[in-house]
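What follows is a single structure, written as structure tokens, with notes after it.
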Amino acid sequence: MADPKGFLTTGREVAKTRPVGERVKDWNEVYVPGSLLPIISKQAGRCMDCGIPFCHNGCPLGNLIPEWNDYAYREDWSAASERLHATNNFPEFTGRLCPAPCEAACVLGINQPAVTIKNVEVSIIDKAWDANDVRPQAPERLSGKTVAVIGSGPAGLAAAQQLTRAGHTVVVYERADRIGGLLRYGIPEFKMEKRHINRRIEQMRAEGTKFRTGIEIGRDLTSTDLRKRFDAVVVAAGATTARDLPVPGRELKGIHQAMEYLPLANKVVEGDFVASPITAEGKHVVVIGGGDTGADCVGTAHRQGAASVTQLEIMPRPGEDRNGNQPWPTFPMLYKVTSAHEEGGERVYSVSTTHFEGDEEGNVQFLHLTEVEFVDGKLTQKPGTERRIPAQLVTLAMGFTGTDVENGLVAQFGLALDERGNIARDADFATNVDGVFVAGDAGRGQSLIVWAIAEGRSAARGVDRYLTGASSLPAPIRPTDRALTV
């Protein structure tokens with residue numbers, strides 16, 4: 001145990017953010033560089049090293065949290081990094097982007113603020129990179145087997161790294177021009193600078209993983225060609241079919257899916273554009289959807305100089321404390337103020353869009369909405385609450401409905417889908433097609449980055465066993481596992 005009295009004597013402190021007026025003028029991460037190291041050892045000392053650490057249950061990776069908390073408290077950063085990497089291929093991603101279900105399941109969180117597990121995690125891995133403790137782990141021998149991984153998001157990258165280290169020759173195919181999937185183009189730079197992806201890719205290249213960008217399986221390369229070249233295939237293409245809003249006026253110019261809007265801003269940071277082809281500059285922006293992707297749109301609009309930003313959510317505003325029907329250690333729905341919300345804008349709950357209104361040139365100008373409430377368990381419009389708000393740029397951030405079926409990948413492979421439109425798989429993450437496996441959102445549906453990495457690791461074990469008859473790779477989850485809920 002780190003500090004036996006740490007949870008009694010030390011209060012919770014989190015990473016400090018840069019002043020709003022400073023950070024909205026650039027695309028750098030919002031946190032003050034180096035602000036965690038002076039406080040993080042004491043924060044790690046708040047961990048009680050519980051007899052039954054429920055943080056393990058909250059995290060699908062099964063991260064050894066009390067162990068690396070203990071090492072961080074003692075400032076044994078090398079040992080902490082080894083324990084961290086024992087269960088997580090990319091802790092610098094999860095330490096920045098995961099909503100931390102581990103903290104929701106922290107035993108201390110029953111009656112006190114939980115341990116800052118996420119901040120400890122990111123401190124350990126950043127320290128490891130600075131100390132050159134993160135090195136390539138090339139396999140001692142090659143198996144002679146080849147694997148294609150379709151998609152370079154967190155699930156695809158985790159599967160590829162595990163299989164490469166097991167001795168297989170792995171090629172990752174990505175339809176975008178850069179590796180990273182939604183990590184690259186769906187996550188704004190101010191949440192995670194892309195240098196973190198770049199150095200992981202270089203590590204994986206040094207281990208032997210090969211990457212091919214600008215190739216979409218199903219269009220640029222057929223499933224038949226792929227299966228001729230490889231002994232196994234892992235489909236980690238994500239759940240990229242965005243939920244739409246079929247209301248009058250949807251066809252107006254200026255209404256875009258979030259994943260049309262956000263990648264262009266990232267391409268500006270990458271140097272592909274001087275300015276984004278879809279910009280919020282000087283416009284009244286409305287973001288439909290109250291989740292993390294919606295918040296990403298809010299923060300991006302602030303940095304582009306929006307005249308105003310309004311975020312709409314159809315559900316009621318969550319409370320700031322756990323509801324009785326969301327007891328510990330489940331992940332509660334709480335009112336959350338992200339860094340993007342700190343920067344300004346208005347958040348409106350319990351409203352539904354009825355239609356859009358445009359000008360004579362077909363550009364959206366107003367959004368009409370109405371308040372809604374639950375009546376007999378159904379969302380119902382409240383009469384007399386209709387109004388319109390200015391909207392010259394609208395982004396739809398309402399989630400995703402399933403994997404892409406229009407590019408031909410699913411049909412060419414002959415993959416079966418489940419009742420939710422995801423690619424069906426068995427206990428080994430294998431599909432109905434021999435030698436073809438699925439990992440991540442393509443099989444699970446829209447989920448969290450920590451689940452994607454867990455899926456990639458688990459699918460890699462299934463592939464390894466298929467290719468060699470046995471596997472020593474870890475499988476932290478089963479395909480049927482779900483987050484802790486009531």
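Atoms CZ and OG, from Arg18 and Ser339 in turn, are 10.0 Å apart once rounded to the nearest 0.5 Å. Note: Met333 CE to Asn323 CG = 10.0 Å, rounded to the nearest 0.5 Å. Distance check: Ser78 OG to Asn132 CG gives 11.0 Å after rounding to the nearest 0.5 Å. Between the OH atom in Tyr173 and the CZ atom in Phe230 there is a gap of 3.5 Å [rounded to 0.5 Å]. The CG atom of Asp292 lies 11.0 Å from the SG atom of Cys297; values are rounded to the nearest 0.5 Å. Taking OG1 of Thr164 as the reference point, atom CD of Gln162 lies at 9.5 Å (rounded to 0.5 Å).
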Exercise for the section: Carefully, step by step, assess Glu202 and Arg205 under the rule salt bridge (Lys or Arg N to Asp or Glu O under 4.0 Å). Expected result: CA-CA 5 Å; Glu202 290 310 307; Arg205 282 199 173 102; 2.9 Å; yes
Exercise for the section: Go through Val147 and Val234 one step at a time and tell me if the side-chain contact (heavy atoms from CB on, under 4.5 Å) criterion holds. Expected result: CA-CA 7 Å; Val147 183; Val234 178; 4.1 Å; yes
Exercise for the section: Would you check, one step at a time, whether the test side-chain contact (heavy atoms from CB on, under 4.5 Å) holds for Leu36 with Gln43? Expected result: CA-CA 9 Å; Leu36 277 174; Gln43 290 301 305; over 6 Å; no
Exercise for the section: Apply side-chain contact (heavy atoms from CB on, under 4.5 Å) to the pair Phe400 and Met259, showing each step before the final yes or no. Expected result: CA-CA 10 Å; Phe400 302 88; Met259 287 306 145; 3.8 Å; yes
Problem - Working for salt bridge (Lys or Arg N to Asp or Glu O under 4.0 Å), residues Arg303 and Glu189 - result: CA-CA 11 Å; Arg303 283 157 181 76; Glu189 192 84 357; over 6 Å; no
Exercise for the section: Carefully, step by step, assess Asp464 and His168 under the rule side-chain contact (heavy atoms from CB on, under 4.5 Å). Expected result: CA-CA 8 Å; Asp464 189 36; His168 308 303; 2.7 Å; yes
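At distances below 3.5 Å, not a single donor-acceptor pair connects side-chain atoms of Glu174 with backbone N or O atoms of Ile179. Checking side-chain atoms of Asp481 against main-chain N and O of Arg478 turns up a donor-acceptor pair under 3.5 Å. Thr300 places a side-chain N or O within 3.5 Å of a backbone atom of Asp296 that can act as its donor or acceptor partner. A donor-acceptor pair is defined here as one N or O able to donate and one able to accept, closer than 3.5 Å; such a pair exists between the side chain of Lys118 and the backbone of Cys98. Side chain of Gln326 to backbone of Pro332: no donor-acceptor contact under 3.5 angstrom is found. Without hydrogens or angle criteria, Glu22 side chain to Pro19 main chain gives no donor-acceptor distance under 3.5 Å. The backbone N or O of Asp441 lies less than 3.5 Å from no partner atom in the side chain of Ser447, so there is not a single donor-acceptor pair. With hydrogens and angles ignored, the 3.5 Å screen pairs a side-chain donor or acceptor of Asp418 with a backbone N or O of Arg420. When atom types are taken as modelled, the side chain of Gln311 and the backbone of Gly289 share a donor-acceptor pair closer than 3.5 angstrom. Between the side chain of Asn119 and the main chain of Ala15, a donor-acceptor pair closer than 3.5 Å is present.
The shortest side-chain heavy-atom distance between Val30 and Glu343 falls under the 4.5 Å cut-off. The shortest side-chain heavy-atom distance between Arg200 and Val134 falls under the 4.5 Å cut-off. Looking at Phe190 and Arg23, their side chains never come closer than 4.5 Å, going by heavy atoms from C-beta outward. Contact annotation: the side chain of Pro316 approaches that of Phe374 to within less than 4.5 Å [non-hydrogen atoms, C-beta and beyond]. Counting only heavy atoms from C-beta outward, the side chains of Ile125 and Trp129 approach each other to under 4.5 Å. Using a 4.5 Å heavy-atom cutoff, the side chains of Arg175 and Asp404 are in contact. With a 4.5 Å cut-off on side-chain heavy atoms, Glu121 and Leu84 count as touching. In this structure the side chain of Arg96 reaches within 4.5 angstrom of the side chain of Glu29, judged on heavy atoms.
For the side-chain contact (heavy atoms from CB on, under 4.5 Å) with Arg347, the qualifying choice from Val298, Thr310, Val337, Leu312 is Val337, the only one to do so. Just one of Asn69, Asp70, Asp3 meets the side-chain contact (heavy atoms from CB on, under 4.5 Å) condition when paired with Cys47; it is Asn69.
Within a 6.0 Å sphere centred on CD1 of Ile52, heavy atoms belonging to other residues, nucleotides or ligands number 12 at most. Atom OH of Tyr185 is surrounded by more than 12 heavy atoms from other residues, nucleotides or ligands within 6.0 Å. The environment of Lys42 atom NZ is sparse: at most 12 non-hydrogen atoms of other residues, nucleotides or ligands sit within 6.0 angstrom.
A salt bridge links Arg444 to Glu455: at least one charged side-chain nitrogen sits closer than 4.0 Å to a carboxylate oxygen. Between Asp130 and Lys127 there is no salt bridge, since no side-chain nitrogen of the basic residue lies less than 4.0 Å from a carboxylate oxygen of the acidic one.
No side-chain N or O of Asn88 forms a donor-acceptor pair with one of Arg83 less than 3.5 Å apart.
Summarising the geometry of Ser458 relative to Pro476, their closest heavy-atom pair is OG-CD, 3.2 Å, with the distance given to 0.1 Å. Contact detail for Ala295 and Ala340: the closest heavy-atom pair is O-CB, 3.2 Å. In terms of heavy atoms, Tyr261 sits closest to Ala280 at OH-CB, 3.8 Å. Ala158 and Ile453 get closest at one heavy-atom pair: CB-O, 3.8 Å. Smallest separation of non-hydrogen atoms from Ala160 and Val172: CB-CG2, 3.6 Å. Summarising the geometry of Pro154 relative to Ala452, their closest heavy-atom pair is CG-CB, 3.7 Å, with the distance given to 0.1 Å.
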Expected list for residues 105-117: side-chain donor-acceptor pairs under 3.5 angstrom, two or more places apart:
none

